[in-house]
Amino acid sequence: MNALHELKEKFRPIIAGFVADDVSKTDAMLAMIRPAGDAKHGDFQANFAMPMGKQTGQSPRAVAETVLQQCNLSGICQTVDIAGPGFINLKLDDDWIKRQLKSALADSRLAVDSVTNARNYIVDYSSPNVAKPMHVGHIRSTVIGDALTRILNFVGHCAKSDNHLGDWGTQFGMILYGYKHFRDQEAFDSDTIGELSRLYRLVRKLIDYHGARIKLVVLETALAELETQQSDLKQKQSESQEKSAVKKIKKEISQIEKRINDAAEKLQKATTAIDAVENDSELSLLAAAHPEIGTAVLLETAKLHAGDQENRDLWTTFLPICKQDMQTIYDRLDVEFDMALGESFYNDTLGAIVDELEAKGFARESDGAMCVFLDGFETPMIIRKKDGAFLYSTTDLATIKYRMDNFDADACLYVVDHRQHEHFEKLFAVAALWGYDEAELKHVSFGTVMGKDGKPFQTRSGDTVGLAGLLNEAEKRAADIARELNEGIEADELKENARVVGIGSLKYADLSQNRASDYTFDYEKMLALKGNTAAYLQYGYARVQGILRKVEVDPRPLRDAPVEFEFETEIERALAVQLLRFEEALSDVLIDYKPNLLCNYLFDLGQTFFKFYDQCSLKDTQSETLKHSRVQLCDLTARTIKTGLALLGIGVLDQM
RNA sequence: GCCCCCAUAGCUCAACUGGAUAGAGCAGCCGCCUUCUAAGCGGCAGGUUGUAGGUUCGAGUCCUACUGGGGGUACCA
């Protein structure tokens, strides 16, 4: 049941008459029926009279009156008013609300209708590179993708999640090289994943070192050149008389300064990479002994791809271990995938795909590389390097083909950082050329995780914050509060409480933000348990359970045999209306795949509930029927919170 | 150079895709636990939505220019 939808259908035939049955115009007008911005204007408002008045040359108020004369809203609306320039304010009928509440009460889906146009979705998210430790940057894709998959399935679509693991890239070359040259066998035997991760970081450091050494001179001369230019310009500025010329020079100076800052930053990075090795005698020796490590690593990767037995064997040994390590994180996050087809899965199909694109005339060789040139793009999409190796663009194309052929996908969502915007634009353009132009291919992008300095997030050491550590800290903080508030809480219960609240709040912190915004990583905010957090909603849920325990009314029999709802106070009606908006919130989420809209809804519901809680004591309610009506409201609130949080991948507790 | 995002309260973010008086949470101040769990509630304070124009009945939202920040830009993913 969706009140907004019902209202739109009531208005549809009348509006259609006004716009000569133009369906898209009708829909545009109906889209102007929306929840009231301010509760004192009613429950919903319709804003179509203004543009319609404009088009027909009538006054908007006259249009509104005509529409309302023809539209029979009795039964669903209690009052209908025209206000201001021509706003139509709609207030739902109490009896109608009560009927809807009853059907929600009796329904395990809370009367959320299944969509009529069910589609097959593939949701591609998380997709970490195996063999690199997962860091805080991975959590965003993981929780957003997981929430979208759950919501799509709940409303009746068929959504399959796919973890498109980076299990075939250069990082494996690093590990292979590290394993062959630097491994500590004892450590490898006792703590394999720790040793692999150490090897990865070690090789990374050495490559960065040599890279920085080569770049150093270039960077230094570039910086010096820029500084000369800067002083020249300053000279010119002081000599110049003309106002406009001075202004122009000033602008040039500020541009130069920006470039100087950039160059200085790069130089700083290079120096840091060099110092990290040279200040460490052991590392210096290793660096000196492996001058060609960069190309050697690429060679190891190439050998792996070419089917070299030793490297393949090592890969088959490492991969399950790495996957197992990631799985512990996914388990803690309660995230599951329907499939985890990594890049390696598509390896055997890549050659044929490149050949096909070439044969069809979409791809051609340029500078030795196989490229697809696209209108509107400066650079082509390279699908095979000049050394013969394939790229992730090739794999992504193979993935699209696989998903279309095997899952008959109507839509693929890629929950990936917005920095890959252009990659996906090209990918989708090539897919359309290739013939996959029916399905919706959508880059559900999200902002970068930034540090407090406004730069992409990194810790001082240059390593990004580990995900495991973040989860530990989240649970620890939740445990501290739970212990403080519940003296003598059992160890098991404390642990469960900390897990549900800590992890839930961490996820919610990510989900509650508009995914488009870059997000500033803030330890305190990520781990906050007060205000607009999962803990707030979980607390609301737990309090309902507390009430039900206290008043000793079992809500379950009331679900199928409810008493008549009574709105003794304004707040009870407000809570009721808010409860009926659940389906609306879910459909809002899916318009542009924004889970934060569900968070907004739940937080509003929570606030309304706490007001109700404050004003309507069930314990002191004398009338049995009123008490039961309130129990029913509580029951619906708890179930809506529980269901809503579950759709975000967050759990609830009976007691906190 | 070219292209893409972003700029909203001291801080971190919303604003249902053009609607009525721009909302929350932190942080600050004042209240509320002998009253169903204070991880809560009520109140105060905080804004020329980066700047300047434009479009229209109506703009944080759309267009233009500018300023500032981030990202991308031929063989990394």
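Keep in mind that what you see is a predicted model, and the values were worked out from it rather than measured. Numbers restart at 1 for each chain; the letters A, B, ... are given by sequence-line order, proteins then strands.
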Are A/Gln632 and A/Ser629 close enough that a side-chain donor and a side-chain acceptor fall under 3.5 Å?
-> no

Indicate whether any N or O donor in one side chain lies under 3.5 Å from an N or O acceptor in the other, for A/His423 and A/Asp396.
-> yes

NA contact type, A/Asn129, heavy-atom cut-off 4.0 Å: base, sugar-phosphate, or nothing?
-> sugar-phosphate

Would you kindly say whether A/Asn47 and A/Gln45 are connected by a side-chain donor-acceptor distance under 3.5 Å?
-> yes

Measure the distance from CD1 on A/Ile571 to C1' on B/rC41 and round it to the nearest whole Å.
-> 12 Å

Quick one: A/Met656 CE to B/rU37 C1', roughly how many Å, whole number?
-> 10 Å

Pairwise P distance, B/rA52 and B/rC13 [rounded to whole Å] = 25 Å

For RNA chain B, whose closest nucleotide is more 5', that of A/Lys386 or that of A/Asp620?
-> A/Asp620

When all nucleic acid strands are considered with a 4.0 Å heavy-atom cut-off, which category describes A/Cys599: base, sugar-phosphate, or nothing?
-> nothing

Taken to the nearest 0.5 Å, the spacing of A/Leu319 CG from A/Phe172 CZ works out to 5.0 Å

Quick tally for nucleotides 1-11 of chain B: nucleotides whose base has a protein heavy atom under 4.0 Å get B, sugar-phosphate-only ones S, the rest -, giving BB-S-------

Using a distance-only test with no angle check, is there a side-chain donor-acceptor pair under 3.5 angstrom linking A/Asp167 and A/Ser344?
-> yes

A/Thr142 versus A/Lys507, side-chain donor and acceptor atoms under 3.5 Å | no

Which is true for A/Ser617 with a 4.0 Å heavy-atom rule: it touches a base, it touches only sugar-phosphate, or it touches nothing?
-> base

Identify whether any heavy atom of A/Lys619 sits under 4.0 Å from a base atom; if not, whether one sits that close to sugar-phosphate; answer base, sugar-phosphate or nothing.
-> base

Pick the C1' atom in B/rA7 and in B/rC30, then give their distance to the nearest Å.
-> 34 Å

When all nucleic acid strands are considered with a 4.0 Å heavy-atom cut-off, which category describes A/Glu343: base, sugar-phosphate, or nothing?
-> sugar-phosphate

When you look at A/His443 and A/Phe428, which way does the ring-ring contact (aromatic ring centres under 6.0 Å, His included) test go after all the steps?
-> CA-CA 9 Å; A/His443 178 202; A/Phe428 300 159; 7.4 Å; no

Could you tell me whether A/Phe373 contacts a base, only the sugar-phosphate backbone, or nothing, with contacts defined as non-hydrogen atoms closer than 4.0 Å?
-> base

OP1, OP2 of B/rG42 versus side-chain N and O of A/Tyr613: anything below 4.0 Å?
-> no

Whole-Å P distance, B/rG60 and B/rA22 = 9 Å

Chi-angle category of B/rU48 [syn within 90° of 0, anti beyond] = anti

side-chain N/O A/Tyr392 vs B/rA77 OP1/OP2, d < 4.0 Å | no

B/rG25 to B/rC41 separation - C1' atoms, rounded to the nearest Å | 15 Å

Just label B/rC33 as syn or anti from its O4'-C1'-N9-C4 or O4'-C1'-N1-C2 angle, using within 90° of 0 for syn.
-> syn

Expressed in whole Å, how much space separates the P atoms belonging to B/rG10 and B/rU37?
-> 39 Å

If you pin A/Ala369 and A/Ser512 to their nearest nucleotides in RNA chain B, which one's is more 5'?
-> A/Ser512

Fill in the dot-bracket string of RNA chain B, one character per base: . for unpaired, | for a pair to another strand, ( ) or [ ] for pairs within the strand, taking Watson-Crick or G-U pairs under 3.5 Å.
-> (((((((..((((.....[...)))).(((((.......))))).....(((((..]....))))))))))))....

Protein proximity profile, nucleotides 15-28 of chain B - base contact B, sugar-phosphate-only contact S, no contact -, cut-off 4.0 Å on heavy atoms | SBB-BBB--SSS--

Please state whether the base of B/rA74 and the side chain of A/Ser366 form at least one donor-acceptor pair under 3.5 Å?
-> yes

If you measure from CD on A/Glu584 to CG on A/Leu597, what distance do you get to the nearest 0.5 Å?
-> 11.5 Å

Identify whether any heavy atom of A/Leu391 sits under 4.0 Å from a base atom; if not, whether one sits that close to sugar-phosphate; answer base, sugar-phosphate or nothing.
-> sugar-phosphate

Do the side chains of A/His305 and A/Thr301 get nearer than 4.5 Å, heavy atoms only?
-> yes

Expressed in angstrom and rounded to an integer, what is the separation of A/Phe172 atom CZ from B/rC76 atom P?
-> 18 Å

Rounding to the closest angstrom, what is the interatomic distance between B/rG50 and B/rA14 at atom P?
-> 14 Å

At under 4.0 Å between heavy atoms, what does A/Cys634 touch on the DNA or RNA strands: base, sugar-phosphate, or nothing?
-> nothing

Residue pair A/Asp592, A/Arg515: steps toward the salt bridge (Lys or Arg N to Asp or Glu O under 4.0 Å) verdict | CA-CA 10 Å; A/Asp592 199 28; A/Arg515 61 179 169 77; 3.7 Å; yes

Is there a donor-acceptor contact under 3.5 Å linking the side chains of A/Thr621 and A/Arg630?
-> yes

Using a heavy-atom cut-off of under 4.0 Å over every strand shown, decide if A/Ala542 touches base, sugar-phosphate, or nothing.
-> base

When you get a sec, tell me which of B/rA39, B/rU37, B/rA74 is the closest nucleotide to the side chain of A/Ile382?
-> B/rA74

When the aromatic ring centroids of A/His164 and A/Tyr125 are compared, is their separation below 6.0 Å?
-> no

Can you tell me the distance, in whole Å, between the CZ atom of A/Phe612 and the C1' atom of B/rC36?
-> 11 Å

Side-chain N or O of A/Tyr536 less than 4.0 angstrom from OP1 or OP2 on B/rC41?
-> yes

From CE of A/Met381 across to P of B/rA74 the rounded distance in Å is 13 Å

Calculate, to the nearest 0.5 Å, the distance between atoms CD and CD1 belonging to A/Glu358 and A/Ile383 respectively.
-> 8.0 Å

Parallel, tilted or perpendicular: which fits the ring planes of A/Tyr536 and A/Phe610, with parallel below 30° and perpendicular above 60°?
-> tilted

Donor-acceptor contact present, side-chain A/Thr533 to main-chain A/Ser505, <3.5 Å | no

Looking across every strand, which nucleic acid part, if any, lies under 4.0 Å from A/Asp604 by heavy atom: base, sugar-phosphate, or nothing?
-> nothing

In whole angstroms, the gap separating C1' of B/rU37 from CG of A/Leu618 amounts to 15 Å

Rounded distance in Å between the C1' positions of B/rU73 and B/rA65 = 24 Å

Within the structure shown, what part of the strands sits under 4.0 Å from A/Asp654 by heavy-atom distance: base, sugar-phosphate, or nothing?
-> base

C1' atom, B/rU21 versus B/rC63: distance in rounded Å?
-> 27 Å

Atom-to-atom span, CG of A/Asp396 to P of B/rA77 - whole angstrom = 10 Å

Write down the distance between CD (A/Gln420) and C1' (B/rC76), rounded to a whole number of angstrom.
-> 10 Å

